[in-house]
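First up is the structure itself, then whatever we jot down about it.
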Number of protein chains: 2
Amino acid sequence: MKLSSKGRYGLRAIVDLALHSQNEPVSIKSISKRQDISERYLEQIIGKLKKAGIVESIRGASGGYHLARPATDISVGDILRCLEGDLSVVNCPEVNETKCESSHLCVTKYVWQKVNIGIQDTINHIYLSELVEQGQQLLDNQQ
Amino acid sequence: MKLSSKGRYGLRAIVDLALHSQNEPVSIKSISKRQDISERYLEQIIGKLKKAGIVESIRGASGGYHLARPATDISVGDILRCLEGDLSVVNCPEVNETKCESSHLCVTKYVWQKVNIGIQDTINHIYLSELVEQGQQLLDNQQ
DNA sequence: TTTATTCCTACTAAAACACTAGGAATTGTC
DNA sequence: GACAATTCCTAGTGTTTTAGTAGGAATAAA
């Protein structure tokens, strides 16, 4: 029931990215340093975010990444789904089996559905922009 | 982000148990047959439920298990926590590290907190009794 | 005494996780 | 044009977790 490090690192990384990409693209190296995440591992994570159309890249020297759309249009759900696959707690493979209905009279699936919906609801309603604002405040307070 | 089979099987098993323990205790063998779960594996699962004080056992021939308290007093949260350990999606080990506050200015923890609370909220407010009722209805309709 | 059960602990194959590694392609800079 | 800094792509790998299996002791009903 734990999120993988891809999800944890990825969310931290993209908040960092959003926070530091005013004009220039942000390099993996710089995120890696600030967030203390392996460069090589970050590559993979950001690669997924790119494939999902959440960030865009600029190749070559002084290249890097920036958000593909406004932070107000990127939900935490968008980010986590692309890094973790679907975020359902139970896939209910049992539901698809003939056994399920006839033998164990699956009432548990209602539980899984509720949990799944609850999670989606939560993460779909938190936007990257909110996290960036909070991050900015923390940065401001620090000085 | 998936629940383990212990959680999935365990919830099915205890619903089955509650549904079939009118007077006599319910044996692992019978649950195993009805639910198509390995006897040996079920032993371990029910063992945990026992250790957590959710079910009680009667040893020896014609022994088995029954609920330790009314199904109205057992939440899905009680069951899943004992089978899965804590159900938080992220433990926030980062929060405890010095690094967290100074370097990545952890705003992500607010996300994890919301998700964790949402999950707890959901599973703490579904009671075994509700599932048993639903299961009973399914059984009734079947005949 | 036999049989049906719970109980306890150790083992194990397979899968998932959390990276590491190597190197190709691209592009700005001197 | 050479070099350096970057993204990009794919494969490998040690560790941990998962999903069971296995063996046998303890208990109690018949």
Side-chain angles (χ1 to χ4, degrees), chain A residues 1-13 17 20-21 23-33 35-66 68 83-87 89-91 93-94, chain B residues 1-13 17 20-21 23-33 35-66 68 83-87 89-91 93-94:
Chain A
M1 263 293 293
K2 290 278 174 286
L3 217 69
S4 78
S5 64
K6 282 214 169 96
R8 285 184 284 120
Y9 293 176
L11 188 57
R12 267 168 59 195
L17 192 159
H20 291 91
S21 68
N23 315 310
E24 304 129 10
V26 180
S27 71
I28 284 189
K29 194 171 226 169
S30 71
I31 301 178
S32 160
K33 269 184 198 155
Q35 298 298 327
D36 193 33
I37 300 170
S38 141
E39 267 183 61
R40 255 25 204 323
Y41 200 34
L42 250 188
E43 269 184 27
Q44 293 177 23
I45 293 170
I46 307 271
K48 286 193 168 208
L49 291 169
K50 194 199 163 183
K51 219 171 180 179
I54 294 172
V55 302
E56 280 171 358
S57 67
I58 295 162
R59 302 190 67 174
S62 77
Y65 299 86
H66 55 80
L83 296 173
E84 298 278 332
D86 95 289
L87 286 159
V89 161
V90 168
N91 249 341
E94 290 97 348
Chain B
M1 262 294 290
K2 290 279 174 285
L3 216 70
S4 78
S5 63
K6 282 215 168 95
R8 286 184 283 119
Y9 293 175
L11 189 56
R12 266 168 59 195
L17 191 159
H20 291 91
S21 69
N23 315 307
E24 303 127 9
V26 179
S27 72
I28 284 188
K29 195 172 227 167
S30 71
I31 300 176
S32 160
K33 270 184 197 156
Q35 299 297 326
D36 193 33
I37 299 169
S38 140
E39 269 183 59
R40 252 34 203 317
Y41 199 35
L42 250 188
E43 271 183 27
Q44 293 178 23
I45 293 169
I46 307 271
K48 285 194 169 207
L49 291 169
K50 194 200 162 184
K51 219 170 180 180
I54 294 172
V55 301
E56 279 170 359
S57 66
I58 296 163
R59 303 190 65 174
S62 78
Y65 298 86
H66 55 80
L83 295 173
E84 298 278 333
D86 96 289
L87 286 160
V89 161
V90 168
N91 249 339
E94 291 98 347

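The analysis underlying the following values was restricted to heavy atoms, covering all of them including side chains, and did not include hydrogens, waters or symmetry mates. Not measured: the values here are computed from a predicted model.
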Tell me whether the side-chain N or O atoms of A/Arg59 pair up with the base of D/dT7 as donor and acceptor below 3.5 Å, since no angle test is needed here. yes

Rounded to whole Å, how long is the line connecting atom CD1 of A/Ile58 with atom C1' of C/dT27? 11 Å

Let me know the distance between CZ of A/Arg40 and P of C/dG22, rounded to the nearest Å. 9 Å

B/Ser5 side chain N/O closer than 4.0 Å to the phosphate oxygens (OP1, OP2) of D/dA19? yes

Residues A/Asn91, A/Asp86; criterion side-chain contact (heavy atoms from CB on, under 4.5 Å); working and verdict: CA-CA 9 Å; A/Asn91 249 341; A/Asp86 95 289; 3.9 Å; yes

Does B/Ser4 offer a backbone N or O that forms a donor-acceptor pair with the side chain of B/Glu84 under 3.5 Å? yes

Apply side-chain contact (heavy atoms from CB on, under 4.5 Å) to the pair A/Ile37 and A/Ile31, showing each step before the final yes or no. CA-CA 8 Å; A/Ile37 300 170; A/Ile31 301 178; 5.6 Å; no

Whole angstrom value for the distance that separates P of D/dG20 from CD1 of B/Ile37: 9 Å

Please report, rounded to the nearest Å, how far the C1' atom of D/dT27 is from the OH atom of B/Tyr65. 12 Å

Reckon B/Ile46 touches a base, only the sugar-phosphate, or nothing at all at heavy-atom distances under 4.0 Å? nothing

Would you mind telling me which of C/dT27, C/dC19, D/dG20 lies closest to the side-chain atoms of A/Tyr9? C/dC19

N/O donor-acceptor pair under 3.5 Å between A/Arg12 side chain and A/Gln35 backbone: yes

Taking for each residue the nucleotide of DNA chain D with the nearest heavy atom, is it A/Gly63 or A/Met1 whose nucleotide lies nearer the 5' end? A/Gly63

Could you check how far CD of B/Glu24 sits from P of D/dA30, rounded to whole Å? 11 Å

Using OP1 and OP2 only, check whether a side-chain N or O of A/Ser57 sits under 4.0 Å from D/dC8. yes

Which whole-number value in Å describes the distance from B/Ile45 CD1 to C/dC7 C1'? 15 Å

Does C/dC17 have its OP1 or OP2 closer than 4.0 Å to a side-chain nitrogen or oxygen of A/Tyr41? no

Rounded to whole Å, CD of B/Glu39 lies from C1' of D/dT21 at a distance of 13 Å

Do any N or O atoms from the side chain of A/Ser21 and from the backbone of A/Leu17 form a donor-acceptor pair under 3.5 angstrom? yes

When you measure from the side-chain N and O atoms of A/Ser62 to the phosphate of C/dT27, is any distance below 4.0 Å, counting only OP1 and OP2? no

Looking at A/Gln44 and C/dT20, is any side-chain donor or acceptor paired with a base atom of the opposite kind under 3.5 Å? yes

Spacing of A/Asp36 atom CG relative to C/dC19 atom P, expressed in whole Å: 10 Å

Extract all donor-acceptor atom pairs below 3.5 Å that involve side chains of residues 56-64 of chain B and protein atoms in other chains or at least two apart in sequence.
unit_1  : atom_1 : unit_2  : atom_2 : d
B/Ser57 : OG     : B/Lys50 : NZ     : 3.2

Polar side-chain contact B/Glu43-C/dT5 base: donor and acceptor under 3.5 Å: no

Phosphate OP1/OP2 of C/dC7 contacted by B/Lys50 side-chain N/O (<4.0 Å): yes

Between B/Gly47 and A/Lys2, which residue's closest nucleotide on DNA chain C lies nearer the 5′ terminus? B/Gly47

Taking OP1 and OP2 of C/dT20, is either one under 4.0 Å from a side-chain nitrogen or oxygen of A/Ser38? yes

For D/dA5 and A/Lys29 - does any side-chain N or O of the residue sit under 4.0 Å from the phosphate oxygens OP1/OP2? no

